[in-house]
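Note sheet for the following structure.
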There are 2 protein chains.
Amino acid sequence: MTAARSRRKHDDPDLEIFHLLRAVAVEYGLRQAAFAAEHGMHVTDVRALIRLLDAERAGIDATAGFLGAGLGLNSAGTTAVIDRLERLGLVSRVRDVHDRRRVLLKVEDHAKDLGWSYFGPLIDKTVSVLPGFDERETAAVRLFLQTALDALTSQPT
Amino acid sequence: MTAARSRRKHDDPDLEIFHLLRAVAVEYGLRQAAFAAEHGMHVTDVRALIRLLDAERAGIDATAGFLGAGLGLNSAGTTAVIDRLERLGLVSRVRDVHDRRRVLLKVEDHAKDLGWSYFGPLIDKTVSVLPGFDERETAAVRLFLQTALDALTSQPT
DNA sequence: ACGTATTATCTCGCTGAGCGATATTATCGC
DNA sequence: GCGATAATATCGCTCAGCGAGATAATACGT
């Protein structure tokens with residue numbers, strides 16, 4: 001394991017790109033925390049909101065259990081998150097008519113606006129360089145990101 | 001603000017790349033949490049360790065205050081983080097000889113190995129596609145990441 | 001040199017997020 | 001209907017991080 005330390009040089013251009021990607025990930029986390037604080041929420045609440053918005057976009061109806069699993073929380077923690085979001089008027093609990101054990105989570109319009117106010121400018125600025133890329137360049141970006149995602153999701157050796 | 005909602009279509013290819021980047025950021029966070037749990041640490045501890053390793057690589061001598069600022073913690077929280085890292089034998093406190101108010105944080109070799117065991121495989125897999133790229137493709141990836149980083153670090157409109 | 005302001009870190013008490021265990025309520029198979 | 005199962009909620013607890021203030025070393029004006 002100590003051998004790994006000398007595997008790469010510090011000025012390795014590949015490493016530089018990796019560090020760039022890592023910086024993006026780190027900053028993303030910081031921005032999420034800042035956004036949360038700015039709106040009287042916690043990081044978990046923001047993540048929950050995003051989960052819920054993603055689910056809605058995917059046409060999945062989100063339940064408490066679904067959300068808890070997505071956030072890696074147990075039922076107690078999940079209830080607490082939903083309580084907070086409900087108190088902020090961002091989400092409302094709706095009993096499922098067909099299975100009345102289930103609680104469906106309805107994302108309020110206000111939350112959607114909040115989500116867009118968070119991601120909107122970020123998206124615009126981030127993708128602003130893409131129109132200047134040709135097919136191969138765009139494909140390269142996509143491939144690199146996909147590879148990074150695979151590396152992160154696959155179990156380490 | 002409601003106008004933002006209709007600004008982009010869901011199948012916008014630009015948005016797809018943004019989602020890919022966002023997924024990378026999210027997964028990075030999850031992996032960090034998993035790594036932390038695996039080694040009896042908290043996410044903050046891992047982030048602290050990375051901060052310290054980065055500082056060492058940059059030739060900065062890390063103090064408690066420096067670390068706290070980097071993590072967005074106040075002094076009480078910072079002390080707690082260092083306590084935990086010290087208890088795990090990953091970091092040791094060394095009084096600065098020239099300014100004896102300061103506590104320098106020395107990263108133990110064990111921590112460096114830990115860092116490499118975390119990032120090593122991730123780096124290898126992530127950058128594995130880069131050798132197949134030509135100059136323009138590599139530059140495109142770099143530019144895209146840099147733009148994303150700028151978008152994240154600049155204040156939102 | 002000397003008191004005062006400043007800087008760096010730590011201690012104390014507290015709030016609150018999230019956990020484990022358990023309770024409550026609803027559905028399903030028999 | 002009735003136990004078994006599933007979905008969510010409640011209770012009590014632990015511990016990360018905060019605010020306020022303590023401690024200790026340094027800088028600085030006079």
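A note on names: the letters A, B, ... follow the listed sequences, proteins ahead of strands, and every chain is numbered from 1.
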With sugar-phosphate meaning primed atoms plus P, OP1 and OP2, does A:Thr63 contact a base, only sugar-phosphate, or nothing at under 4.0 Å between heavy atoms?
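Sugar-phosphate contact only.
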Count the heavy atoms belonging to other residues, nucleotides or ligands that lie under 6.0 Å from CZ of B:Arg22, then report whether that count exceeds 12.
yes
Return the value, rounded to whole Å, for the distance between atom [atom1] of [X] and atom [atom2] of [N].
X        : N      : atom1 : atom2 : value
B:Phe66  : C:dT7  : CZ    : P     : 19 Å
B:Arg95  : D:dA25 : CZ    : C1'   : 9 Å
B:Leu71  : D:dC18 : CG    : P     : 10 Å
A:Asp99  : D:dA6  : CG    : P     : 12 Å
B:Leu85  : C:dC10 : CG    : P     : 13 Å
A:Leu67  : D:dA7  : CG    : P     : 15 Å
B:Leu104 : C:dA8  : CG    : P     : 12 Å
B:Ile82  : D:dG17 : CD1   : C1'   : 14 Å

Please figure out whether A:Val97 or A:Arg84 has its closest DNA chain C nucleotide nearer the 5' end.
A:Arg84
Starting at the 5' end of DNA chain C and moving along, which residue's nearest nucleotide shows up first, A:Asp96 or A:Val81?
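Between the two, 5'-proximity favours A:Val81.
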Under 4.0 angstrom between B:Arg93 side-chain N/O and C:dC10 OP1 or OP2:
yes
Indicate whether OP1 or OP2 belonging to D:dG17 is found under 4.0 Å from a side-chain N or O atom of B:Thr44.
yes
Candidate nucleotides [options], ranked by approach to the side chain of [X] - the nearest:
X        : options                : value
A:Leu73  : C:dT9, C:dC19, D:dA16  : C:dC19
B:Arg102 : C:dC10, D:dG17, C:dA8  : C:dA8
B:Ala76  : D:dA20, C:dA21, D:dA16 : D:dA20

Does B:Arg101 contact C:dT7 through a side-chain donor or acceptor facing the base, at a distance under 3.5 Å?
yes
D:dG19 base / B:Asn74 side chain donor-acceptor hit below 3.5 Å:
yes
Which class fits the ring pair A:Tyr118 and A:Tyr28: parallel under 30°, tilted 30 to 60°, perpendicular over 60°?
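Geometry flag for A:Tyr28 against A:Tyr118: tilted rings.
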Side chains of A:Ser92 and A:Glu108, donor plus acceptor under 3.5 Å
yes
Quick one about B:Lys125 and A:Ser154 (side-chain donor to acceptor, distance below 3.5 Å, no hydrogens or angles considered), yes or no?
yes
Are the side chain of A:Gln32 and the backbone N or O of A:Val46 linked by a donor-acceptor pair below 3.5 Å?
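A pair under 3.5 Å: no.
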